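Sequential numbering from 1 along the given sequence is applied to the chain's residues. As the structure is a prediction and not an experimental result, all values here were calculated from the model. Every heavy atom of this structure was used, including side-chain atoms; hydrogens, water molecules and symmetry mates were not.
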Amino acid sequence: MKQNWELNELIEEWTLLPQERELLKNKIGVNRLIFAVLLKSFQYTHKFPDLPKDIPFNVIEYLASQVNISASEYQNHQWQKRSIMRFRGEIRDYLGIKKATVKELKEMADWLRTEVLFTESSFEHLLVAVEQRFFQLQIERPTDERIERLIRSACRQFEDNLFQNIYNNLSQVTRNNIDSLIETSSGDNKQELSWKPSLFSYLNSEPGRASLDSFLQEIEKLEYLRTIQIPENLFNNISPKVLQTYASRAATEHPRELRWHPEPIRYTLVAAFCWLRLREVTDNLVDLLIRIIHGISRRAEKKVDTELIKDFKKVGGKTNLLYQIANVSLENPDGAVKEVIYPVVSEKTLRDLVKEFKSSGTVYHQKVHTIIRSSYSRHYRRLVPKLLSVLEFRSNNEIHQPVIKALELLKKSWETTQRYYPLNDEIPIDGVLKVGWQEWMIEKDSKGNERINRINYEISVLTALRERLRCKEIWVVGANRYRNPEEDLPVDFEAHRETYYQALKLPIDLESFITPLKKAMSEGLATLNDGLLNNKKVKILQKHNGWIRVSPLEKQSEPVNILRLKTELVQKWPMTSLLDVLKEADLRVGFTDSFKSLASREALNKDVLRKRLLLCLYGLGTNTGLKRVSDGTPDVDYHELSYIKRRFIHKDALREAIASVANAIFRIRNPQIWGEGTTTCASDSRKFGAWDQNLMTEWHIRYGGRGVMIYWHVEKKSTCIYSQLKTCSSSEVAAMIEGVLRHDTEMTVKKNFVDTHGQSEVAFAFCHLLGFELMPRLKNIGRQKLYRPESGVSESYSHLLPILTRPINWDLIRQQYEQMVKYTTALRLGIAEPEAILRRFTRANLKHPTYQALGELGKVIKTIFLCQYLHSEELRREINAGLNVVENWNSTNNFIFYGYSGEMATNQPSEQLLAVLSLHLLQVCLIYINTLMLQQVLSSPSWEGKLTQTDRRALTPLIYSHINPYGTFELDLAKRLKIEVGERVG
């Protein structure tokens, strides 16, 4: 149970109802409070608490206030076993709860096998599902040991049945192909291969940087995976999450070990691996295609820009020059140019005008296209037949069918030698060629018939294909991220419509949704307008067609008591080893229990496993690597750590460990020092340098240099609840939404602070529909505009007229309300990644009606936020303080992730993700230990009553002046290196 509760949460979950108060009438003294605790705790957690301390103190205080008993009496009272047993019986009778029988336990196991295990494999999540199921059936939850046996037994039976069913559904040809794959990968087959050292490793490898060679290698992988002939519908009933567990197990085992498994297990594991890799490789091919097409164009533009910039000079006063030329031309219509024009406008100025036009008009685009054509025809053109032979493109929208038809035309005519396509009904032009390109790409033959050069047409088709793939208007058969966008939506939405609306806490009735928004919008505008005259920090100016000026916040110095506190921390725990911090956090929290072997069993001693896990996590999180860590530990070698990393350390285990430490921080916090629980979070990204032979690393347009982005979600007291590895060009809005939805901690996020790049109108709309507030710190605050709730109400906001714009189109929101709820439900349920869903709602897809409606709703929510932001300096300061916490978190990254100068020293995105999550785990462990240290120091009598309110606001556990991340250094002057020559004599 979480330890920190907001007042509204206490009211919702822990308020005694009138009929529940009736049960307290025959109780006296502290027993009234004990009974209330047992009752409400059972209703919330579906089980009775074992000990009094299992219930948070602020919950006890809230219940005590309802029954008129002092909370201190509860703390000082020892539970009497007979009384507790009697109270439990009364609660069971009141709630209609019965104890579980053997028959009901068997039915629960059957329910797990038939309903749950196809979609979930995590023991912790299964435990929650079982508890909820018992509560729905009004059966008291059995003991922890009994439930664990039930779940593990159900999992074993489920897997046995699944493996056998998959085995039965595989043809003998497929089984032979799988055997051939394993034998080839094991090294027993002496056949010469183009891949080394292992076919299995080759199929599991990530693509290199965007190039023709990488594209062809991915095609080679795809073609080989298809030859194995895994049935398309083999795993239709199994969720990707469960399937990934089996695929990861196959990927981490040596092919020789795979052959040791019984046939049903062996074939299922390899089939799951191949089935998922087919989709991953298809996605990689689409990514490579998008990057290659963009790279050809970008390099051509850069080359033309370099040539033009040498002799480019911008000419000013063009309107005046045109007037002078026109005037003298009309006065001397028969005169020579040199005699009439040059005396007024010099020849040099006219030449500069011609060069300027060439650098910005049609001539510029023609030059760029010429270079693109050369690069494409000489090198990249050979990817087209391969592309069209292995990938099948489709679209659900008639508007984009010309691109599909154009691809079919290229495929059909590829073997022909024709250089031109005649412009007729069979050649799609509209929707394929850009409007500005048609006039100079369409030619005429000697007979005057219009035609288009074949290579030019191919370039146009690929460019159009790239644009449609990015917004998923064209999708790819057999892909995952680029699959049919209809698959991103819940298929049972109509059947469970009311349930989905309730889960989002949204009304089904349209007007019940729109009316409160109109009211909030009107009130926000009125409040801002009325308070603007007295607002000394915000001014509305007439310049630039309406401009907002906000005075910057005053800088605050660090309180003296915080400096004293840091000094005392250094004196009490000087140069504490970061590895000791990690170890101590594990001994207290036990986060290494989250790391389970991907194999079916493991025989390692628990203490040995814990030690190796901690060393691996330290090596990954500091970026020093396993070799350096093992070299400093006498009884551990590199191969042992490498085995632990391969078998135990994976993404889901790391996320579970991080969540366990974060939850432990929330539980140990002293509210008198840190305040009550928080529901605010700030998110931002940070660039890390990385090797670039992969698809994850990109050039960062703002920061410069190649690298990857790490997106952090940090609550206001410096605990990071979620982290993500992203490309530099990926959507920060999608990352922000994913972090709020997918973090697995006890924290409930109700406000999320972001910088300018983490917000958009679509983001405002989705955040509102998901039930949390988006609060950005806008860098471009001056250019912001406010929308009107209705037409004809401008006079009511006279002070805001310079920045008021058009009224909101409520009809568009009404028409697309249900579609917006569908996409929001897909985000909440995780049917697809936020990045894949939001890909549809970008500027490349402006005509999408749901995108337009989301934009309108976003304008409403953004206007409401801007009114609050401009009116309240306190809100601006709160947002700024939250984002400063993320900046502080980012600065600590450099201190901990110091190996290889903080650069990701691998080309494998999966390895990069493990490094990021290990860094995250190290930092939250540092926060956990620092929290304990600070609370110990502040509990001493010398600090009693010294912290002011300003001190408490500045207090943070994210400090490291007392930490040594580098290990210990030993110098033995008697020990020499074994060097035979050049020895010093004397």
With a distance cut-off below 6.0 Å to the six-membered ring centre and an angular limit of 45° from the axis, does [X] pair with [Y] as a cation-pi contact?
X: R152; Y: F123; value: yes
X: R686; Y: F688; value: yes
X: K687; Y: Y703; value: no

Ignoring hydrogens and angles, tell me if any N or O in the side chain of [X] forms a donor-acceptor pair with the backbone of [Y] under 3.5 Å.
X: N893; Y: W889; result: yes
X: E715; Y: T678; result: no
X: S730; Y: K726; result: no
X: S940; Y: Q936; result: no
X: T756; Y: R777; result: yes
X: T697; Y: N694; result: no
X: H125; Y: E120; result: no
X: R646; Y: T252; result: yes
X: H713; Y: M736; result: yes
X: K627; Y: T624; result: no

Side-chain contact test, heavy atoms from C-beta onward, threshold under 4.5 Å: evaluate it for [X] versus [Y] and give yes or no.
X: I710; Y: S685; value: no
X: L617; Y: L922; value: no
X: L934; Y: W674; value: yes
X: H743; Y: E738; value: no
X: H650; Y: L598; value: yes
X: L654; Y: S918; value: yes
X: L938; Y: L955; value: yes
X: C616; Y: L626; value: yes

At their closest point, which heavy atom of [X] faces which heavy atom of [Y], and how far apart are they?
X: V581; Y: C925; value: CG1-O, 3.8 Å
X: G882; Y: F753; value: CA-CD1, 3.8 Å
X: A247; Y: L276; value: CB-CD1, 3.7 Å
X: A599; Y: R647; value: CB-NH1, 3.4 Å
X: P909; Y: E206; value: CD-CG, 3.6 Å
X: G902; Y: N623; value: C-ND2, 4.3 Å

**OP:** Check the pair R706 / E698 against salt bridge (charged side-chain N to carboxylate O under 4.0 Å, His left out), numbers first and verdict last.
**Re:** CA-CA 5 Å; R706 296 192 177 276; E698 292 179 345; over 6 Å; no

Salt bridge or not for [X] and [Y], using N-O below 4.0 Å?
X: E568; Y: R564; value: no
X: D635; Y: K611; value: yes
X: D744; Y: R655; value: no
X: E145; Y: R149; value: no

**OP:** Just jot down the ring pair (Phe, Tyr, Trp, His ring centres under 6.0 Å) partners of F273, sequence neighbours excluded, or say none.
**Re:** F200

Original post:
How would you list, by chain and number, every residue that makes a ring pair (Phe, Tyr, Trp, His ring centres under 6.0 Å) with Y898, sequence neighbours excluded?
Top reply: Y966

[Y] versus [X], side-chain donor and acceptor atoms under 3.5 Å:
X: Y711; Y: S723; result: no
X: T948; Y: N561; result: no
X: N890; Y: W712; result: yes
X: H962; Y: N930; result: yes
X: S718; Y: T956; result: yes

Original post:
Using the ring of each side chain (for Trp, its six-membered ring), is W691 parallel, tilted or perpendicular to Y900, with breaks at 30° and 60°?
Top reply: perpendicular

How far does [atom1] of [X] sit from [atom2] of [Y], to the nearest 0.5 angstrom?
X: S642; Y: R612; atom1: OG; atom2: CZ; value: 12.0 Å
X: L615; Y: L620; atom1: CG; atom2: CG; value: 11.0 Å
X: I721; Y: I665; atom1: CD1; atom2: CD1; value: 11.5 Å
X: T576; Y: Y960; atom1: OG1; atom2: OH; value: 15.5 Å
X: L613; Y: T592; atom1: CG; atom2: OG1; value: 6.5 Å
X: F772; Y: K751; atom1: CZ; atom2: NZ; value: 13.5 Å

Counting only heavy atoms not in [X], do more than 12 fall under 6.0 Å of its [atom1]?
X: K241; atom1: NZ; answer: yes
X: I701; atom1: CD1; answer: no
X: R877; atom1: CZ; answer: yes
X: K651; atom1: NZ; answer: no
X: Q672; atom1: CD; answer: no

Subject >> Residues E878, K716; criterion salt bridge (charged side-chain N to carboxylate O under 4.0 Å, His left out); working and verdict >> reply: CA-CA 10 Å; E878 181 187 5; K716 70 177 184 180; over 6 Å; no

Original post:
In a check of side-chain contact (heavy atoms from CB on, under 4.5 Å) between Y928 and each of L582, T719, I668, which one passes?
Top reply: I668

